[in-house]
Protein chains: 2
Amino acid sequence: MTMLDNERLSGQNRLIDDFGAYFESIGFQPIAGRIIGLLSVSDREELSFDEIINRLKISKGSASVVLRRLVSECRVAVVESGRRHYYRLNQQNLFELLDEFERMCDSVRYLLNTTIDLKTDKESSNAKYFNQIINTIDRYKTSMATMRQAVQTI
Amino acid sequence: MTMLDNERLSGQNRLIDDFGAYFESIGFQPIAGRIIGLLSVSDREELSFDEIINRLKISKGSASVVLRRLVSECRVAVVESGRRHYYRLNQQNLFELLDEFERMCDSVRYLLNTTIDLKTDKESSNAKYFNQIINTIDRYKTSMATMRQAVQTI
DNA sequence: TATTTAGTTTAATCGCGATTGAACTAAAAA
DNA sequence: TTTTTAGTTCAATCGCGATTAAACTAAATA
């Protein structure tokens with residue numbers, strides 16, 4: 001039950017676009033997502049600048065800019081060899097996704113808390129609702145801290 | 001220790017812009033976030049179309065479009081009275097934030113899973129890393145299901 | 001019925017980020 | 001030293017979503 005090379009290739013291309021779409025949805029440039037996708041799906045896990053622009057059919061300019069950003073954000077690592085640069089996915093903290101979500105929860109918590117502070121009537125319908133959400137967020141964070149420990153001690 | 005009216009008003013205005021920025025960061029139009037902010041912070045929790053456009057200094061056109069979207073997404077509820085429309089925040093499911101995050105986790109899980117499927121070498125460094133992330137996501141979901149029940153049975 | 005009012009629709013504009021192309025730089029190769 | 005190559009920089013463009021203004025509709029009011 002082996003996969004044909006052309007199946008694999010077209011599967012990869014589709015997936016690279018899916019990566020692009022997903023990363024675009026969380027605020028990246030489409031090209032950034034496609035590069036991450038390529039570095040994720042390709043069998044050789046370290047690719048040169050040239051390989052990247054040829055496979056994705058993007059200009060040197062955008063590749064240069066986007067790769068610099070990805071490297072500065074520690075999503076991609078670069079290795080220089082001769083005058084070539086090779087790129088590979090940087091395997092970050094497993095909880096990166098969760099970290100980002102927790103930061104989002106913190107923003108919401110701050111907004112709702114400040115909102116309640118500004119309310120004349122702390123018992124208003126919205127004030128009560130916001131308090132419930134804050135409560136849920138706090139429970140969530142406790143719950144997550146526990147889970148992180150569990151995962152880390154395996 | 002009471003807050004002056006003008007303090008409250010300027011605090012509200014600042015917070016409304018913070019809501020705008022936050023909602024913009026998660027993919028809404030800035031105006032959508034500011035409307036949600038206004039409906040959240042204002043003491044009267046039900047405001048007319050006119051009150052909204054006057055307080056936020058936005059055009060009837062954008063207010064109309066954005067409010068229609070917010071209503072269709074059930075973020076805002078509308079009450080018609082005479083020929084006026086009144087809007088209030090729709091108090092959604094407490095877990096809305098978490099629901100959205102879980103959908104995001106599902107997308108990532110799908111991308112990584114499909115990526116592994118396409119790999120020739122399932123033991124490659126990236127394949128192993130992706131498997132760890134998938135594992136963490138699965139643990140996260142279990143953990144969340146438990147927490148939701150705990151919150152709901154209080 | 002005529003008028004006023006609340007909100008909708010839509011064409012036009014504005015601003016901005018993503019992308020490209022081409023000139024440019026620095027370093028390796030010849 | 002000259003040439004080639006890899007990648008960078010940056011001005012120009014492209015496309016698109018957000019916003020507005022103004023014409024328009026429908027319903028309430030006079």
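Convention: sequence-line order gives letters A, B, ...; per-chain numbering from 1. Because only heavy atoms are used, hydrogens play no part in the values below, and waters and symmetry mates are left out as well, while side chains stay in.
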Undergrad: Separation of A:Glu80 atom CD from C:dA28 atom C1', in whole Å?
TA: 14 Å

Undergrad: Would you call B:Arg55 and B:Leu47 a side-chain contact if the rule is heavy atoms closer than 4.5 Å?
TA: no

Undergrad: Heavy-atom count around B:Asp5 CG within 6.0 Å, excluding the residue itself: above 12?
TA: no

Undergrad: Counting side-chain heavy atoms from C-beta on, which of C:dG21, D:dA6, C:dT8 comes nearest to B:Lys60?
TA: C:dT8

Undergrad: For C:dT19, does either OP1 or OP2 sit under 4.0 Å from a side-chain N or O belonging to A:Ser62?
TA: no

Undergrad: Could you tell me how far apart B:Phe49 (CZ) and C:dT5 (C1') are, to the nearest whole angstrom?
TA: 12 Å

Undergrad: Please report, rounded to the nearest Å, how far the P atom of C:dA18 is from the CG atom of A:Leu56.
TA: 17 Å

Undergrad: B:Ile53, B:Leu56: one ILVMFWY side-chain cluster at the under-4.5 Å cut-off?
TA: yes

Undergrad: Do B:Met147 and B:Leu98 have side-chain heavy atoms sitting under 4.5 Å apart?
TA: yes

Undergrad: Nearest-Å distance, CG (A:Asp50) to P (D:dT4)?
TA: 17 Å

Undergrad: Can B:Arg84 and B:Glu51 be counted as an ion pair, charged N to O under 4.0 angstrom?
TA: no

Undergrad: Quick check on DNA chain C: between B:Tyr87 and A:Gly82, whose nearest nucleotide comes earlier from the 5' end?
TA: B:Tyr87

Undergrad: When you measure from the side chain of B:His85, which nucleotide among D:dG7, D:dT20, C:dT8 comes out closest?
TA: C:dT8

Undergrad: Mind listing the residues from residues 23-33 of chain B sitting with a heavy atom below 4.0 Å of DNA chain D? Number order is fine.
TA: B:Gln29, B:Pro30, B:Ile31

Undergrad: Testing the basics here: between A:Leu118 and B:Asp43, what is the closest heavy-atom pair and its distance to 0.1 Å?
TA: O-OD1, 4.5 Å

Undergrad: Which part of the nucleic acid does B:Arg83 contact within heavy-atom distance under 4.0 Å: base, sugar-phosphate only, or nothing?
TA: base

Undergrad: Over how many whole Å does the gap from A:Arg84 atom CZ to D:dG7 atom C1' extend?
TA: 11 Å

Undergrad: Which residues within residues 64-77 of chain A lie with some heavy atom under 4.0 Å of an atom in DNA chain D?
TA: A:Ser64, A:Arg68

Undergrad: When the distance from CD1 of B:Ile52 to C1' of C:dG7 is rounded to whole Å, what number comes out?
TA: 12 Å

Undergrad: Do the rings of A:His85 and A:Tyr87 sit parallel, tilted or perpendicular, given the 30° and 60° boundaries?
TA: perpendicular

Undergrad: For the residue pair B:Asp138 and B:Arg109, establish whether any side-chain heavy-atom pair is separated by less than 4.5 Å.
TA: yes

Undergrad: What is the distance from CD1 of A:Ile58 to C1' of C:dG17, rounded to the nearest Å?
TA: 16 Å

Undergrad: I'd like to know whether the aromatic ring centres of A:Phe101 and B:Tyr140 sit less than 6.0 Å apart in this structure.
TA: no

